[in-house]
Structure formats: C-alpha cells, structure tokens
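Since we're looking at a predicted model, the values are computed, not measured.
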Amino acid sequence: MPVAAQLPNLESRAAMLRNGEFAWEEGAAAAGPVAILISIEDQLAYVYRGGALVGVSTVSTGKPGKSTPAGSFTILQKKVFHRSNLYSNAPMPYMQRLTWSGIAMHAGQLPGYPASHGCIRFPAAFAKRLYDLTEMGGEVRIVSGRVPGMPDAAPKPRELPPVTVAQVRRPAPMLVADAASVARHDDAARVGETSAAPRIELASETASFASYDVVVASGYGARGGVD
C-alpha cells in the first residue's frame with residue numbers, strides 16, 4: 001500500500017503522492033460547487049467541493065515551448081472521448097476544455113515531468129472521477145507556483161526525458177614494428193581518448209509518448225499519441 005494511502009488527511013497525502021498516483025476522499029463533501037486548482041510547480045491538482053478538499057492528483061502539464069497558461073478558466077466543453085484537432089488526432093479521454101485554442105484537462109500519460117502540448121494530463125481513473133463530478137462552467141484555476149497552505153512535498157527523484165548517447169568511435173588498432181611507431185601509436189590513442197568524448201543529445205521533440213493503457217468508455221479504447 002502506498003504511504004500516501006495511510007495518512008490521515010488529503011493535505012498530508014498530497015505531499016506523499018508519487019508520479020501517476022492520486023487520492024480521493026469518499027464522502028468528504030456530498031454537495032456544493034466544484035472548483036479545481038492546479039499547481040504547475042508541484043505538478044499536482046486539487047479538487048474542492050463545497051469548499052472542502054475531496055481529491056488530489058499528480059499531473060503532467062505543458063513542456064517548455066508549449067507551456068500550460070496560468071490563470072482562471074471555466075469548463076467550456078466536455079466529451080468522454082475526444083481526439084485532438086491539432087496534434088495528429090491524438091486521443092484525449094474524459095476531455096474537459098478550458099480554452100478554444102487547445103488547452104484542456106484529460107486522461108493521459110504522466111512521465112514524471114511536464115510533457116504535454118499545454119493540456120493538463122491526469123491518471124485515467126482520476127480523470128473519470130473528475131469528469132463525473134464537474135459541470136459545464138465549472139471553475140478551474142491554474143497557478144505557476146505552489147498552493148499556499150499545502151505541506152511541502154516529500155523529495156522525489158527527478159525523472160527526465162530520455163536522452164540519446166552517440167556512439168564513440170575509437171581509433172582502429174595498428175600494427176607496430178619499432179619503438180618510434182609504438183610511441184606514435186600511444187600518443188594517437190591518448191588523443192583519441194580525450195577528444196572522442198560521448199555526446200549527449202536530447203531525443204527528438206517529435207517522439208511519440210507511450211500508448212495509453214486505459215479503456216475510456218464502453219466501446220472506446222485510447223491508444224498512443226500526444227495532446
């Protein structure tokens with residue numbers, strides 16, 4: 001059982017969530033308006049009903065160059081199964097639109113760092129619960145910093161995008177016949193050792209993320225793509 005599930009309240013459990021996890025307090029509030037608060041810095045989303053915290057989840061927001069905008073939004077559209085109009089018809093299960101320019105909340109892959117094209121990705125089970133709870137016009141606030149009043153998150157290992165390491169070519173072996181040739185060969189080997197250091201390059205920006213492994217509605221399966 002995750003440590004977060006053993007803690008007494010959602011605020012404490014939020015600080016212990018690991019990537020891809022969420023916590024939901026059954027029966028915390030049975031009525032009242034629903035409000036969602038998302039912290040880009042902490043990569044966490046908080047769900048309130050009637051002023052009480054009822055759920056918290058890890059998220060993945062926009063990557064550099066495609067950042068998620070901070071501000072106050074309302075839910076403009078809801079679709080159980082939606083495909084992106086901007087990014088290769090990518091699936092966006094339990095989509096809740098925040099802007100008409102392509103920002104939405106939906107189920108998706110959470111690699112442990114901001115990786116979307118601006119949308120807010122949730123774990124699939126959390127996205128479904130949230131979809132069932134919200135209504136059109138619901139309030140969503142996105143902040144770039146931390147949420148005041150929440151405990152500091154426990155240190156987590158930083159997960160980074162994959163990298164590609166270029167293959168290093170060593171000088172080909174050579175046959176030597178005398179002491180002078182041996183010396184020249186040793187000098188060349190030393191130069192090769194220092195000048196042929198591995199190069200590390202970021203993987204292509206166009207690489208596809210791993211396939212979704214969720215069923216989003218009766219008759220629908222979501223696989224692959226990005227938002």
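Take Thr99 and apply the side-chain hydrogen bond (donor to acceptor under 3.5 Å, both in side chains) test, not counting sequence neighbours, and it matches Ser101. Residues satisfying the side-chain hydrogen bond (donor to acceptor under 3.5 Å, both in side chains) criterion with Thr68, sequence neighbours excluded, are absent altogether. Residues forming a side chain to side chain contact (heavy atoms under 4.5 Å, CB included) with Pro33 (at least two apart in sequence, or on another chain): none. Listed by chain and residue number, Gln43 satisfy the side-chain hydrogen bond (donor to acceptor under 3.5 Å, both in side chains) test with Thr61 (two or more places apart in sequence, or in another chain). In terms of the side-chain hydrogen bond (donor to acceptor under 3.5 Å, both in side chains) criterion, residue partners of Gln77 (sequence neighbours excluded) are, by chain and number, Arg97.
Ionic pairing of Arg13 and Glu25 is present here: one or more N-O contacts between side-chain nitrogen and carboxylate oxygen are shorter than 4.0 angstrom.
Atom NE2 of His106 and atom CG of Leu98 lie 10.0 Å apart (nearest 0.5 Å). Taking OG of Ser116 as the start and CE of Met105 as the end, the distance is 13.0 Å to the nearest 0.5 Å. Atoms CG and OH, from Leu10 and Tyr46 in turn, are 10.5 Å apart once rounded to the nearest 0.5 Å. Here the straight-line distance linking atom CD of Glu139 with atom OG1 of Thr134 works out to 13.0 Å at 0.5 Å rounding. With rounding to the nearest 0.5 angstrom, the CG atom of Asp42 is 11.0 Å from the OG atom of Ser144. The CZ atom of Phe73 sits 14.0 Å away from the CD atom of Gln96 when rounded to the nearest 0.5 Å.
Under a hydrophobic-cluster definition in which Ile, Leu, Val, Met, Phe, Trp and Tyr are linked whenever side-chain heavy atoms come within less than 4.5 Å, directly or via other members, Leu130 and Leu76 are assigned to different clusters. Ile120 and Leu133 fall within the same hydrophobic cluster, where Ile, Leu, Val, Met, Phe, Trp and Tyr residues are linked whenever their side-chain heavy atoms come under 4.5 Å apart, directly or through other members.
At least one side-chain heavy atom of Pro69 sits less than 4.5 Å from a side-chain heavy atom of Ile103. With contacts defined as side-chain heavy-atom distances shorter than 4.5 Å, the pair Pro111/Arg121 qualifies. When side chains are defined from C-beta on, Gln109 does not count as touching Ser60, because their heavy atoms never get closer than 4.5 Å.
Arg49 approaches Ala31 most closely through the heavy-atom pair CG-O, 3.7 Å. When all heavy atoms are compared, the tightest approach of Gly145 to Ser39 is O-OG, 2.7 Å.
Between the side chain of Ser67 and the backbone N or O of Gly62 there is no donor-acceptor pair closer than 3.5 Å. Formation of a donor-acceptor pair under 3.5 Å by the Thr58 side chain with backbone atoms of Gly20 is found in this model.
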Check the pair Val56 / Val47 against side chain to side chain contact (heavy atoms under 4.5 Å, CB included), numbers first and verdict last. CA-CA 6 Å; Val56 61; Val47 181; over 6 Å; no

For the pair Ile38 and Leu44, evaluate side chain to side chain contact (heavy atoms under 4.5 Å, CB included) and give the outcome as yes or no after the intermediate values. CA-CA 6 Å; Ile38 297 165; Leu44 290 173; over 6 Å; no

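For residues 123-145, the set of pairs meeting the ring pair (Phe, Tyr, Trp, His ring centres under 6.0 Å) definition, not counting sequence neighbours, comprises Phe22-Phe126, Trp24-Phe126, Tyr94-Tyr131, Phe122-Phe126.
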